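Atoms considered below: every heavy atom in the structure, side chains included; atoms not considered: hydrogens, waters and symmetry mates. Just so it is clear, the structure is predicted and the values come from calculations on it, not from any experiment.
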Amino acid sequence: MSKINLLNYSCTDLGKFFLDLDEKSFRAAQVIKWIHQFGVADFSLMTNLSLALRGYLAEHCEVKAPEIAKEQVASDGTRKWLLKLEDDSFIETVFIPEDSRGTLCISSQVGCPLGCSFCATGTLGFKRNLSVAEIIGQLWFAVRKLSPDQTTRTHVITNVVFMGMGEPLLNYTNVLKAIDLMLDDNAYGLSKYKVTISTCGLVPEMLLLKEQSEVALAVSLHAPNDELRSRLMPINKKYPLKELVAVCDHYFEDQKRQVTIEYIMLDEMNDQIEHAKQLVKLLSHGRYKVNLIPGNVVIHADFKPSSQANIDVFRQVLLDAHINTITRKSRGGEIDAACGQLLGSEL
Ligand code: SAH
Ligand code: SF4
């Protein structure tokens with residue numbers, strides 16, 4: 001009989017599990033701490049549980065994260081891990097260290113069904129959604145890998161972004177459960193402002209997310225008009241810009257919420273002054289922050305990264321319109337670890 005993987009369980013789920021076993025529900029917090037705070041997978045080491053309970057858990061349960069198949073480290077310290085799943089699929093997880101923070105970029109699906117033309121993951125097609133264990137397992141794995149010394153563990157990863165492979169809002173339930181654990185003080189205790197879901201703009205799920213979670217939202221926009229966006233991102237035909245901006249307006253009803261716009265700079269495609277002006281108009285209401293991303297173009301000869309000069313001019317148009325705009329530094333390029341370069345292949 002296969003064992004129950006406790007990485008799939010939030011603290012609430014585990015509380016119910018223990019109640020069914022006639023155990024006190026506070027055992028859940030203890031076990032969650034062992035697994036996620038201390039990185040312990042061996043039940044015999046969970047010394048504040050009774051021997052009988054440790055024995056039961058060892059017989060029926062397991063703590064099983066994706067396994068490392070390959071590690072690449074770039075000269076800027078960015079690390080990319082190829083992780084192998086139980087069905088022999090592969091996903092990628094990237095760690096980006098900076099002076100004052102460490103960001104883990106995680107995957108939510110094997111492949112992606114949405115087929116954006118500039119995105120390496122999109123060219124793979126879609127295989128399946130990740131389980132909660134496979135999502136939170138990326139963080140569990142990375143924390144153990146980066147700080148074998150448990151005392152420093154909590155400081156290494158301060159931010160998590162769903163910007164790896166897949167569209168997180170197409171795997172809504174599992175992503176939200178994994179986020180529960182990320183924010184849980186007994187597990188990782190991350191701030192809700194430091195966990196970011198990035199979406200290509202699935203309007204109904206964005207509305208739901210606004211009601212059900214306070215995590216940060218990033219929208220992959222990449223084009224300032226429907227004609228161009230539909231060409232680059234087929235999902236725009238279903239949810240055009242007007243609807244996308246309207247749902248962002250809902251987020252702004254909450255004074256504390258911000259929406260980050262991701263905009264890849266593609267030479268002559270979307271980086272002209274007229275595009276910047278269209279973008280200003282589109283984003284004229286709301287507390288948007290814009291990240292201009294130098295295109296990490298890997299797949300299509302049709303796309304070339306914008307020149308630095310074009311990026312600078314584009315940014316200035318937005319700044320002049322008082323839109324908070326930064327140019328994101330591309331990290332880990334030489335190991336194909338930058339956004340949109342995640343292929344999940346062993347090559
Ligand atoms: N599906 C979600 C999250 C994964 S993609 C989304 O689309 O937002 C993560 C980020 O990488 C997105 O902003 C995506 O648009 C960006 N990206 C994809 N291809 C890229 C490329 N070739 N260069 C730079 N960024 C890219
Ligand atoms: Fe999927 Fe996001 Fe890539 Fe589009 S950019 S294909 S939504 S992973």
Side-chain angles (χ1 to χ4, degrees), residues 2-66 93 104 106-108 129-147 150-162 168-169 171-197 208-216:
S2 67
K3 292 185 169 183
I4 301 169
N5 188 356
L6 293 191
L7 279 186
N8 276 308
Y9 284 45
S10 68
C11 201
T12 316
D13 296 337
L14 206 54
K16 288 188 199 131
F17 176 80
F18 282 127
L19 282 178
D20 288 344
L21 290 179
D22 273 339
E23 286 282 345
K24 296 275 189 296
S25 62
F26 71 80
R27 297 279 172 227
Q30 291 177 320
V31 172
I32 289 283
K33 259 191 186 168
W34 280 114
I35 297 176
H36 295 284
Q37 239 180 55
F38 305 122
V40 171
D42 178 349
F43 296 109
S44 71
L45 301 176
M46 302 186 179
T47 46
N48 53 359
L49 309 180
S50 69
L51 270 178
L53 182 56
R54 280 183 249 169
Y56 179 90
L57 293 175
E59 197 181 331
H60 298 280
C61 304
E62 63 184 355
V63 176
K64 200 157 194 268
T93 304
L104 192 70
I106 65 177
S107 297
S108 56
N129 278 335
L130 298 187
S131 66
V132 178
E134 289 165 339
I135 300 170
I136 200 69
Q138 296 169 64
L139 180 56
W140 188 83
F141 159 82
V143 170
R144 276 168 53 121
K145 181 88 186 155
L146 293 169
S147 19
Q150 295 185 357
T151 52
T152 55
R153 152 164 307 179
T154 48
H155 306 293
V156 181
I157 294 169
T158 54
N159 296 56
V160 171
V161 295
F162 282 84
L169 293 186
N171 189 9
Y172 188 89
T173 310
N174 290 350
V175 164
L176 252 67
K177 269 202 178 191
I179 287 176
D180 240 25
L181 282 161
M182 290 171 196
L183 306 186
D184 186 341
D185 283 336
N186 287 315
Y188 301 93
L190 293 179
S191 150
K192 62 190 176 197
Y193 302 112
K194 296 189 173 177
V195 174
T196 302
I197 288 192
L208 204 61
L209 182 73
K210 192 220 156 217
E211 300 308 322
Q212 298 184 337
S213 175
E214 291 181 295
V215 291

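Looking at Leu139 and Ile106, their side chains never come closer than 4.5 Å, going by heavy atoms from C-beta outward. You'll find the side chain of Asp184 stays beyond 4.5 Å of the side chain of Ser10, heavy atoms only. The closest side-chain heavy-atom distance from Leu57 to Leu49 is below 4.5 Å. Two residues are said to be in side-chain contact when any heavy atoms from C-beta on lie closer than 4.5 Å; Ile32 and Tyr9 fail this criterion. Arg54 is not listed as a side-chain neighbour of Leu45, based on a closest heavy-atom distance of 4.5 Å or more. Contact check for Val63 versus Phe43: side-chain heavy atoms found under the 4.5 Å cut-off.
When every heavy atom of Trp140 is checked against every heavy atom of Gly39, the shortest pair comes out as CZ2-O, 3.7 Å. Among all heavy-atom pairs drawn from Ile136 and Ala178, the shortest one is CD1-O, 3.5 Å. Here the shortest heavy-atom pairing between Gly15 and Ala28 reads N-CB, 3.4 Å. The minimum heavy-atom distance linking Asn186 with Ala29 is given by the pair ND2-CB, 3.6 Å. Across Lys64 and Ala133, no two heavy atoms sit closer than the pair O-CB, 4.4 Å. When every heavy atom of Val40 is checked against every heavy atom of Met46, the shortest pair comes out as O-CE, 3.8 Å.
Distance CG/Leu21 to CG/Leu53: 7.5 Å, rounded to 0.5 Å. Residue Cys11 holds its SG atom at 11.5 Å from NZ of Lys16, rounded to the nearest 0.5 Å. The distance from the CG atom of Leu181 to the CG atom of Leu176 is 11.5 Å, given to the nearest 0.5 Å. In this structure, CD1 in Ile179 is found 8.5 Å from CD1 in Ile135, a value given to the nearest 0.5 Å. Within the model, atoms CG of Asp180 and OH of Tyr188 stand 13.0 Å from one another, a figure rounded to the nearest 0.5 Å. Annotation: the span from Leu7 atom CG to Cys61 atom SG amounts to 11.5 Å, rounded to 0.5 Å.
Heavy atoms of other residues, nucleotides or ligands lying less than 6.0 angstrom from CD of Glu214 number 12 at most. Around the NZ atom of Lys33, the shell of radius 6.0 Å holds no more than 12 heavy atoms that belong to other residues, nucleotides or ligands. Few gaps surround NZ on Lys3; more than 12 heavy atoms of other groups in view lie less than 6.0 Å from it.
Each of Leu209, Asn129, Ile197 was compared with Tyr172 under the side chain to side chain contact (heavy atoms under 4.5 Å, CB included) criterion, and only Leu209 meets it.
Within the 3.5 Å criterion, the main-chain N or O of Leu130 finds a donor-acceptor partner in the side chain of Asn174. Here the side chain of Gln138 pairs a donor or acceptor atom with the backbone of Ser107 at under 3.5 angstrom. The main-chain N or O of Ser108 is found under 3.5 Å from a side-chain atom of Asn171 such that the two form a donor-acceptor pair. Checked by atom type and distance alone, the side chain of Trp34 never pairs as donor or acceptor with a backbone atom of Asn48 at under 3.5 Å. Looking only at distances, no side-chain donor or acceptor of Arg27 sits under 3.5 Å from a matching main-chain atom of Phe18.
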**Item:** Verdict with supporting geometry, Val215 and Met182, side-chain contact (heavy atoms from CB on, under 4.5 Å)
**Value:** CA-CA 11 Å; Val215 291; Met182 290 171 196; over 6 Å; no
**Request:** Please test Thr93 against Phe141 for side-chain contact (heavy atoms from CB on, under 4.5 Å), starting from the C-alpha separation and ending with a verdict.
**Result:** CA-CA 10 Å; Thr93 304; Phe141 159 82; 5.9 Å; no
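In this structure, Tyr56 and Phe17 have tilted ring planes: the angle between them lies in the 30° to 60° band.
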